[in-house]
Amino acid sequence: MKPKYYITTPIYYVNGAPHIGHAYTTIACDVMARFKRLDGFDVFFLTGTDEHGQKVEQAAAAAGMSPQAFTDGTSDLFKAMTQRVGISNDDFIRTTEERHKLACAELWKRLVDRGEIYLGGYEGWYAVRDEAFYDEDELTTRPDGTRVAPSGAPVEWVVEPSYFFRLSAWQERLLAFYDAHPDFIAPNSRRNEVTSFVKSGLRDLSVSRTSFKWGIPVPGDPAHVMYVWMDALTNYITAAGFPDEGSAKWAFWPADLHMVGKDILRFHAVYWPAFLMAAGIAPPKRVFAHGWWTVAGEKMSKSLGNVLDPQELSDSYGLDSLRYFLLREVPFGNDGTFSRKALISRLNVELANDLGNLAQRSLSLIARNCEGRLPDQGARTEDDAEILAAAAALLPAVRTQMERQGFGDALEEIWRVIRAANAYIDRQAPWALRKTDVVRMADVLRVLADVIRSVATLLQPVMPEKTAAMLDQLGVPADGRDFAALATPLPAGTVLPPPAGVFPRFVEEAE
RNA sequence: GGCGGCGUAGCUCAGCGGUAGAGCAGGAGAAUCAUAAUCUCUUGGUCGGUGGUUCAAAUCCGCCCGCCGCUACCA
């Protein structure tokens, strides 16, 4: 029985088209999911779209469409993006699906039954233009006496009936939970922010709206729709089969990892575990908040015209190269600055020169001097043993990094071995041994093949297509590419296909 | 304002009490199997400033300067 691993992307809000930020989150999850599958886990990888709420209702109206038709269209855009960036998700959930409405209604009823939700009134300064409530101290008073929001939008005092979740009652239990599960929120700096937020005091949370209709109706009170976040967060248990807690799917809950952008950390790290604990359901094991990509120091925005299109980048530089760059360039969790120059540099130096060229020079020597057959493992020198040991130590080292979503560090571990292998081939100079000691030459080439095999196997989660080509050239059978297979030596004598460059250098076209 | 973080080689960052490190970029040499790729050596920093603790401080403490994050109900 394989251990289970459940990972989720956020469900993406469908009021706009997907951009590099969505692709980034999804790719990171995909790498994690692929890693776990190769490491022997039964993985359930979920992504999807969040389709309710006032903004969608308005965007649909502006487009002259029904909310459902509008949301069908944008959801498809996300589905297409998911496919184009090579995502291996097992399910794609939409919050407008029937299974999700059932799950939300059930969760709501449980919270009501347990006394965690009550009917009250929500009042405050509301700006129609911003569709947002503001605190008194956020407002400024104009000379004519009217109050305006920070955005300049006029506000009015409104009161509306609303259901509330007793979040205030969960403050201490949340803090106790964070304390008992120090890895629940990552990175550390984010955990500190969340705990200090919770310590500052929690107010009950308004969890229903009467100001618009496009949402999941509150059971027993159809004048209200559920607060969009309560609806959205619930997707994670919907996809795991909730409320059918006897289903096979439910064995995946609690989720092992919710990957989120830092902007939605609070919803996942505060509200979500509180909702679940209040309903008597286990909270997820971990929430990781990653950072943003900026361009030339500025956040991407449509108005600045600097929005990065994952499709264009993938077309220009290759999907695997893009995946590699996104995870390599910046410590996961930090913000990063995107530049084509940096991408090209990583692509040429690390992928083409370090790794691609290592494979090409090694495989060419085998093709030319070993009749194109994989040599046998021979007597090992100290130098051989050292590089092989470094390659063998990679799996546990990379696993440790992946457990903490240290993608960049995991890749650095792998590149240390790649650089060491380039130094090794130069030291051993198999091209010189060809003339003096062909047996030793074959031994050296086998060591290199084994090292490249380890490296390519471990890089599969990040660059599935490129590494597949590399493993093909090493004669690794398609069903022998998981991490456990590394323990089994490749059979000597395997006829290898003619080597072909896997990572071509990127040459800028002359202007 | 409050809480938290950061400021180390040209660039991106690691180190977090005991003779300043890595990768990239720059310089010199070697090799010629390979995608003009690779390897070796090397230039380069008074570790933001300033006081203090210590036999010893990027590393601990105080203050100052500069950046950044969080400080709830659009998602």
In whole angstrom, give the distance that lies between atom [atom1] of [X] and atom [atom2] of [N].
X	N	atom1	atom2	result
A/Leu411	B/A22	CG	C1'	16 Å
A/Trp415	B/C13	CH2	P	20 Å
A/Trp229	B/C73	CH2	P	14 Å
A/Ile344	B/A25	CD1	C1'	16 Å
A/Phe197	B/C73	CZ	C1'	9 Å
A/Phe506	B/A37	CZ	P	15 Å
A/Phe78	B/A75	CZ	C1'	12 Å
A/Glu329	B/A22	CD	C1'	15 Å

Item to check | Among B/G69, B/A34, B/C73, the nucleotide that comes nearest once only the side chain of A/Glu193 is considered | outcome: B/G69
Item to check | Minimum-distance nucleotide (side-chain atoms of A/Arg190 versus B/C73, B/C70, B/U35) | outcome: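 Shortest atom-to-atom distance from the side chain points to B/C70.
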Next on the checklist: Distance check, C1' atoms only: B/C3 and B/C13, in whole angstrom units.
Outcome noted: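 26 Å, rounded to whole Å.
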Next on the checklist: Say we look at B/C68 and B/A36: how far apart would their C1' atoms be, to the nearest angstrom?
Outcome noted: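 Comparing C1' positions in B/C68 and B/A36 gives a spacing of 43 Å.
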Checklist entry - Does A/Asn353 place a side-chain N or O at less than 4.0 Å from the phosphate oxygens OP1/OP2 of B/U38? => result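 Yes, within the criterion.
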Next on the checklist: So, OP1 or OP2 of B/A36: does either fall under 4.0 Å of a side-chain N or O from A/Arg505?
Outcome noted: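 A/Arg505 to B/A36 OP1/OP2: no side-chain N or O under 4.0 Å.
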Checklist entry - Is the A/Trp272 to A/Phe177 ring centre distance short of 6.0 Å? => result no
Checklist entry - With a non-hydrogen cut-off below 4.0 angstrom, is A/Ile264 in contact with a base, only sugar-phosphate, or nothing? => result nothing
Item to check | side-chain contact (heavy atoms from CB on, under 4.5 Å) partner of A/Met226, the single match among A/Pro217, A/Ser208, A/Cys104 | outcome: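 For A/Met226, the side-chain contact (heavy atoms from CB on, under 4.5 Å) check succeeds only for A/Cys104.
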Checklist entry - Taking atom types as modelled and ignoring hydrogens, do the side chains of A/Asn422 and A/Arg419 form a donor-acceptor contact shorter than 3.5 angstrom? => result no
Checklist entry - Is there a donor-acceptor pair under 3.5 Å between the side chain of A/Trp170 and the backbone N or O of A/Tyr271? => result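 Checking the backbone N and O of A/Tyr271 against the side chain of A/Trp170, no donor-acceptor pair under 3.5 Å is found.
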Next on the checklist: Checking understanding here: a glycosidic angle within 90° of 0 is syn, the rest anti, so what is B/A36?
Outcome noted: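 What B/A36 shows is an anti base, its glycosidic angle lying more than 90° from 0.
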Item to check | Among A/Thr26, A/Thr82, A/Thr9, A/Thr8, side-chain hydrogen bond (donor to acceptor under 3.5 Å, both in side chains) partner for A/Thr47 | outcome: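 Exactly one option meets the side-chain hydrogen bond (donor to acceptor under 3.5 Å, both in side chains) with A/Thr47, and it is A/Thr9.
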